[in-house]
Amino acid sequence: MLNSCLCTERTLMLPAFQDWAERLGQARGHLHRKVWEWCFITEALAERGMLQPGKRGLGFAVGQEPLTSLFASMGANILATDLYAQEALERGWIQTDQHADGFSAINKQGLCSEQELKERVEFKFADMNKIGPELHGNFDFLWSSCAFEHLGSLEHGTKFVENAMACLKPGGFAVHTTEFNVSSRFFTVKEGETVLYRKGDIEALARRLRRAGHRIDVDFEAGKGTADNFIDVPPYAHATHLKLQIGKYTATSIGLVVQKAG
C-alpha cells in the first residue's frame, strides 16, 4: 500500500498513477510534480477505501484543483474549503487562479455532473491556521495539496498537520503533499510565503504524530530516473518538472499519509 514518500519518476509512471492522471484530465506520461501530487493523494485514499459512497472527506485550500470534483464523482461527500477571499487576494492566489470561491472553481475541469456537485459537495471558507471545532471528528478522510508550506513558517505547517487530525473519525486518513528540500539537510527556508521542509523536519513531525498515537511511515528515496536528475529553473518552462530550483535550494514534493489513532 502507498505510504509517505517523495515525488519520483518511478512512482509517477506506475500504472495506477497514470490511470488517475488520465482521469484527472492530464496527459499520460506528463512528468510534472503537480500531477504526481494529485495522483498520490487519490491513489492513497482509493487504496484505503475512502473514495466511495458513504465516505465523507474534507479538503483544505482546494483552489481550482480537480480532486474535489473527482472524489464527488466517485460517490464521496466532500466539504471543500479555501482561504477567505480578502486574504487570498492579498496573497495573490486569486490573480494566479489558485483560489476557490465556490462551485465554479471546484468543478472547473467538469469531472462530475452539476447534480453530483450539488448533492455531494459543500464549500466554505476556512483558515488552516485556525481550524474551527465544528469540523472535529466529522470526516473519514482529509487532504491538502501543496498548501501547508504557505502558512507562514515550518512550525505553522507542522501544527496544521497535527491539528487537522482532530477533524478525522478514529482510524481515518489524512493525506498531504508539501515542498521538500532535497539539496540540504541543514539550511532551508523556515519562514515566509513558501517554506521548504527538510528530512529532519518531516522526521520530527512523524515523531510528534506517533506520540499522539497516529500512524505514519516515510520513505525518503529521491529517485534515480532521468527525470529525477533534471532540475527545472524559473520560469519553469520545461515539460519535465519533478524537481525545481526555489531560491538557492532544489525542491520536490513529498506526500504524507497519516492514519488517526483508533
Side-chain angles (χ1 to χ4, degrees), residues 2-14 17 30-45 60-61 63 65 67 98 128 142-162 164-165 173-210 214-234 236 238 240-258:
L2 188 64
N3 284 313
S4 306
C5 64
L6 297 182
C7 169
T8 64
E9 179 180 358
R10 182 188 65 80
T11 52
L12 181 52
M13 294 308 294
L14 290 171
F17 274 51
H30 185 194
L31 294 168
H32 198 287
R33 71 189 188 115
K34 181 55 66 176
V35 177
W36 181 90
E37 290 167 15
W38 292 340
C39 294
F40 176 89
I41 293 170
T42 306
E43 177 65 8
L45 291 172
F60 286 100
E65 67 185 32
L67 300 184
Q98 297 180 73
M128 293 170 65
L142 61 85
W143 83 91
S144 72
S145 177
C146 254
F148 70 79
E149 70 271 19
H150 301 305
L151 296 181
S153 70
L154 293 174
E155 183 62 18
H156 281 154
T158 296
K159 286 184 176 178
F160 160 73
V161 174
E162 293 180 284
M165 299 303 293
F173 293 95
V175 184
H176 305 281
T177 61
T178 193
E179 303 280 3
F180 186 84
N181 185 340
V182 296
S183 59
S184 177
R185 294 190 181 187
F186 303 101
F187 305 102
T188 195
V189 181
K190 298 180 180 180
E191 296 182 339
E193 183 177 330
T194 302
V195 298
L196 303 177
Y197 288 87
R198 299 158 293 188
K199 181 180 179 181
D201 301 317
I202 299 299
E203 289 175 329
L205 171 57
R207 287 194 296 270
R208 288 161 68 163
L209 292 166
R210 292 185 189 115
H214 311 310
R215 179 176 179 178
I216 177 173
D217 297 301
V218 189
D219 179 1
F220 291 101
E221 168 59 48
K224 300 177 181 178
T226 301
D228 297 313
N229 293 318
F230 179 81
I231 302 171
D232 200 6
V233 297
Y236 308 127
H238 295 89
T240 299
H241 185 80
L242 301 186
K243 289 186 173 69
L244 70 159
Q245 195 73 21
I246 299 179
K248 60 183 179 181
Y249 301 107
T250 300
T252 189
S253 300
I254 187 170
L256 304 176
V257 184
V258 191

State which residues pass salt bridge (charged side-chain N to carboxylate O under 4.0 Å, His left out) with [X]; sequence neighbours excluded, sorted by chain then number.
{"X": "E179", "answer": "R33"}
{"X": "D217", "answer": "R215"}
{"X": "R210", "answer": "none"}
{"X": "E155", "answer": "R208"}

Validation: residues 223-234 side-chain donor-acceptor distances under 3.5 Å, sequence neighbours left out:
from, atom 1, to, atom 2, distance (Å)
D228, OD1, E9, N, 2.9
D228, OD2, K224, N, 3.2
D228, OD2, G225, N, 2.8
N229, ND2, G225, O, 3.2
D232, OD1, H238, ND1, 2.7
D232, OD2, H241, ND1, 2.8

So, using ring-ring contact (aromatic ring centres under 6.0 Å, His included) as the criterion, who are the partners of Y197 when residues are at least two apart?
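Partners of Y197 under the ring-ring contact (aromatic ring centres under 6.0 Å, His included) test: F148.
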What pairs with H30 under ring-ring contact (aromatic ring centres under 6.0 Å, His included), at least two apart in sequence or on another chain?
H32
Does the pair V35 and L12 meet the rule for a side chain to side chain contact (heavy atoms under 4.5 Å, CB included), with working shown?
CA-CA 8 Å; V35 177; L12 181 52; 4.2 Å; yes
Applying side chain to side chain donor-acceptor pair (under 3.5 Å), name anything that partners W36, two or more places apart in sequence or on another chain.
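Here the qualifying residues are T11.
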Could you tell me the separation between the NZ atom of K159 and the CG atom of L151, rounded to the nearest 0.5 Å?
12.0 Å
[X]: side-chain contact (heavy atoms from CB on, under 4.5 Å) partners, not counting sequence neighbours:
{"X": "S184", "answer": "N181, F186, F187, Y249"}
{"X": "A147", "answer": "A61, M128, S144"}
{"X": "K190", "answer": "L154, T188, R198"}
{"X": "I254", "answer": "L6, T178, F180, I202, V218, F220, L256"}

Heavy-atom pair with the smallest gap, counting every atom of [X] and [Y]:
{"X": "T250", "Y": "S183", "result": "N-OG, 3.0 Å"}
{"X": "A251", "Y": "I246", "result": "CB-CD1, 3.9 Å"}
{"X": "F40", "Y": "N3", "result": "CE1-O, 3.5 Å"}
{"X": "I41", "Y": "S145", "result": "CD1-CB, 3.8 Å"}
{"X": "I216", "Y": "S4", "result": "CG1-OG, 3.6 Å"}

Donor-acceptor contact present, side-chain T177 to main-chain C146, <3.5 Å
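Flag set: sc T177 to bb C146 pair under 3.5 Å.
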For H176 and W143, indicate whether the former's side chain and the latter's backbone hold a donor-acceptor pair under 3.5 Å.
no
Yes or no on side chain to side chain contact (heavy atoms under 4.5 Å, CB included) for L2 and V257, after CA distance, side-chain angles and deciding distance?
CA-CA 8 Å; L2 188 64; V257 184; 5.5 Å; no
Is any side-chain N of the basic residue among K34 and E37 closer than 4.0 Å to the acidic one's carboxylate O?
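Judged by the 4.0 Å cut-off on N to carboxylate O distance, K34 and E37 do form a salt bridge.
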Heavy-atom side-chain contact between L209 and E162 under 4.5 Å
yes
